[in-house]
Amino acid sequence: MASKRKLCIVTGTRAEYGLFIPLLREIKKDGDYQLQLVATGMHLSPEFGATYHRIEEDGFTIDYKVEMLLSGDTASSVVKSMGLALIGFSDAFQQLRPDLLVLIGDRYEILAAAQAAMILKIPIAHIAGGDTTEGAFDEAIRHSITKMSQVHFVTNELSYQRVRQLGENPDYVFHVGSLGIDRIRMLQALSRDQLEKKLSFQFCSRNLLITFHPATLDDQQPGKQFWELLAALYNLGPDTGLIFTKPNSDPGGREISALIDAFVIRHSNGAAYTDMGDSVYLSLMKQVDAVVGNSSGGIYEAPSFQKPTVNIGDRQKGRLMASSVICCPPERGAIEKAVEEAFAMDCTSVENPYGNGYSAEKIMDVLRAIPDYQHLLIKRFHMVPIHSPR
């Protein structure tokens, strides 16, 4: 009897894990594969909710935990955390010996996982390569992971073209859509009453779901940008409910978290959550009047709920966006105007450019069809025809 092929998934954040859930379930129910799960980053930090517990509560076994986050909020602490992550992933992969590593996105801990796998000759399948986010160092990280990967699952046609432009083999670049849409298709949404009880928050006549992360390449400090957002939200008045989710472990994230905490203490129409869980987050997205901030959730998922998004600043600049996304600079007047525009927007005919919610099945069909992952390790650059400058 042939041994099962080992697929190893690395997750470091609550949002990333939520995207992975449909694929984790597909792997788990396939008798030809053994699922290996590595938790790292914010999952293991009490400051960010120790969300590895949520993974276990969902019925998944964590095969290895890579501790890597230092207690700091600076660029230097992130760089040092990446060094620790590289050591930890080396130990994890040598113990687990996966046949294929599956990574998603553009986080710095995922870059460390890709680096370790590359040197250890473990093939990589990368999800959501080819996107652009010009306001964050995630942009360079994502493209770097693409060059270290052998199989590519992109979310849209523009990203497919960019991955091709990076010289990747077109036979191993697949347009599958976003796993986030799978989660929406599978969602058993909580009602408004259920959400109010679970979150101990009473909805107002209008409500916003707000997530703001540091734009790590922006000249303006994250705290200053976020203060502009808070000023705009204050001007909306007490009849607008403000539901904040806390930022990631990027440089400047703690300052934003502290500003959120100070704001909600003074405003009864506001509430903040470090980790509310994927199903609660998506259920909230279905209930609120708009999504505000600079998170990819407003770009990928909100259009499927036919909800408007106010996308602030340059963090998501360059991504393919639905017609329901309103972009504005991080200035209080522009934000306030964009939110009012969102409240008046009719999104009933909006189409999500990131697929129809069957990405996990498409990914597994591709992985099953590849007879030998090891033969993918030797790559050559596949040129895309270009016009020479005159």
Side-chain angles (χ1 to χ4, degrees), residues 11-24 103-107 110 126-136 138-139 141-142 145 152-160 162-163 174-187 189 208-213 215 245 247-248 276-288 290-327 342 345 347 350-363:
T11 175
T13 73
R14 60 185 187 269
E16 174 189 82
Y17 166 67
L19 293 175
F20 264 134
I21 288 174
L23 184 58
L24 293 173
L103 304 175
I104 192 168
D106 47 30
R107 293 280 306 168
I110 302 307
H126 184 213
I127 301 170
D131 287 1
T132 59
T133 48
E134 297 174 12
D138 303 7
E139 165 95 353
I141 290 174
R142 187 185 308 106
I145 296 172
H152 309 276
F153 297 110
V154 301
T155 63
N156 62 87
E157 184 60 32
L158 287 176
S159 292
Y160 176 90
R162 293 190 192 104
V163 171
F174 304 92
H175 178 187
V176 299
S178 171
L179 285 168
I181 316 305
D182 291 44
R183 284 294 286 142
I184 293 171
R185 181 175 61 82
M186 298 161 53
L187 179 67
L208 299 175
L209 179 57
I210 306 152
T211 307
F212 193 90
H213 300 293
T245 62
N248 289 332
M276 61 176 62
D278 188 58
S279 63
V280 173
Y281 176 76
L282 293 176
S283 298
L284 269 174
M285 194 174 283
K286 184 177 180 179
Q287 292 291 339
V288 297
V291 175
V292 176
N294 61 6
S295 172
S296 61
I299 310 300
Y300 280 126
E301 285 88 49
S304 289
F305 290 110
Q306 298 181 316
K307 298 292 183 177
T309 295
V310 175
N311 178 57
I312 301 169
D314 290 341
R315 187 173 185 267
Q316 300 296 337
K317 187 177 180 181
R319 280 202 198 272
L320 179 65
M321 297 185 184
S323 60
S324 54
V325 180
I326 304 165
C327 294
M345 181 179 282
C347 297
V350 168
E351 294 185 5
N352 194 324
Y354 290 99
N356 59 5
Y358 292 88
S359 301
E361 290 92 332
K362 294 174 184 176
I363 289 170

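Note that the structure is predicted; figures quoted are calculated from it, not measured. For this chain, numbers begin at 1 and follow the sequence in order.
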Asker: Would you please name every residue forming a ring-ring contact (aromatic ring centres under 6.0 Å, His included) with F20, sequence neighbours left out?
Answerer: none
Asker: Main chain of S359, side chain of D182: is a donor-acceptor contact present, judged purely on distance under 3.5 Å?
Answerer: yes
Asker: If you define the side chain from C-beta out and look only at heavy atoms, does anything of N311 sit under 4.5 Å from I299?
Answerer: yes
Asker: CG/L187 to CD1/I181 distance, rounded to the nearest 0.5 angstrom?
Answerer: 12.0 Å
Asker: Testing the basics here: between V325 and G298, what is the closest heavy-atom pair and its distance to 0.1 Å?
Answerer: CG2-O, 4.0 Å
Asker: Hey, does the side chain of Y160 reach the backbone of G130 with a donor-acceptor pair shorter than 3.5 angstrom?
Answerer: no
Asker: To the nearest 0.5 Å, what is the distance between CG on N294 and CD on Q316?
Answerer: 6.5 Å
Asker: Determine whether more than 12 heavy atoms belonging to other residues, nucleotides or ligands lie under 6.0 Å from atom NZ of K286.
Answerer: no
Asker: Starting from the C-alpha separation in whole Å, work towards a yes-or-no answer on side chain to side chain contact (heavy atoms under 4.5 Å, CB included) for I363 and L179.
Answerer: CA-CA 10 Å; I363 289 170; L179 285 168; 4.3 Å; yes
Asker: To the closest 0.5 Å, what do you measure between NZ (K362) and CZ (F153)?
Answerer: 12.0 Å
Asker: Would you name the heavy atoms of A128 and G105 that are closest together and state the gap between them?
Answerer: CB-N, 4.4 Å
Asker: State the OG1-CD1 distance between T155 and I104, to the nearest 0.5 angstrom.
Answerer: 9.5 Å
Asker: Verify, without hydrogens or angle tests, whether K307 (side chain) and V291 (backbone) share a donor-acceptor contact under 3.5 angstrom.
Answerer: no
Asker: Taking the side chain as every heavy atom from C-beta outward, state whether L23 and I127 have any atom pair closer than 4.5 Å.
Answerer: yes
Asker: Would you name the heavy atoms of M276 and T245 that are closest together and state the gap between them?
Answerer: CE-CG2, 3.4 Å
Asker: Are the side chains of E301 and L19 in contact, using a 4.5 Å heavy-atom criterion?
Answerer: yes
Asker: Counting only heavy atoms from other residues, nucleotides and ligands, does the tally under 6.0 Å from CD of E157 exceed 12?
Answerer: yes
Asker: Evaluate the criterion side chain to side chain contact (heavy atoms under 4.5 Å, CB included) for residue pair F212 and R315; output intermediate values, then yes/no.
Answerer: CA-CA 10 Å; F212 193 90; R315 187 173 185 267; over 6 Å; no
Asker: In Å, rounded to the nearest 0.5 Å, how long is the span from OG1 of T133 to CD of E139?
Answerer: 5.0 Å
Asker: Using modelled atom types only, decide if a donor and an acceptor are shared between the side chain of R142 and the backbone of D131 within a distance under 3.5 Å.
Answerer: yes
Asker: Please report the shortest heavy-atom distance between S324 and C347, naming the atom on each side.
Answerer: CB-SG, 3.8 Å
Asker: Do the non-hydrogen side-chain atoms of R183 and P22 ever get within less than 4.5 Å of each other?
Answerer: yes
Asker: Using every non-hydrogen atom in the two residues, find where P353 and N156 come nearest and quote the distance to one decimal.
Answerer: O-CB, 4.2 Å
Asker: Tell me whether the count of non-hydrogen atoms from other residues, nucleotides or ligands lying under 6.0 Å of NZ in K317 goes above 12.
Answerer: no
Asker: Indicate yes or no: at least one non-hydrogen side-chain atom of M345 is less than 4.5 angstrom from one of I326.
Answerer: yes
Asker: Return the set of residues passing salt bridge (charged side-chain N to carboxylate O under 4.0 Å, His left out) with R107 (not counting sequence neighbours), or none when no residue passes.
Answerer: E109, D250
Asker: Do Y281 and L209 pass the side chain to side chain contact (heavy atoms under 4.5 Å, CB included) test, and can you show the C-alpha distance, the side-chain angles, and the key distance before you say yes or no?
Answerer: CA-CA 9 Å; Y281 176 76; L209 179 57; 3.6 Å; yes
Asker: Are side-chain heavy atoms of Y300 and R319 found at a separation under 4.5 Å?
Answerer: yes
Asker: Indicate the atoms forming the closest heavy-atom contact of V163 with G129, along with that distance.
Answerer: CG2-C, 3.9 Å
Asker: In Å, rounded to the nearest 0.5 Å, how long is the span from CD1 of I184 to OG of S178?
Answerer: 8.0 Å
Asker: Taking the side chain as every heavy atom from C-beta outward, state whether I145 and D106 have any pair of such atoms under 4.5 Å apart.
Answerer: no
Asker: Between R162 and V154, is any pair of side-chain heavy atoms under 4.5 Å apart?
Answerer: no
Asker: For the side chain of H152 and the backbone of F174, is there at least one donor-acceptor N/O pair under 3.5 Å apart?
Answerer: no
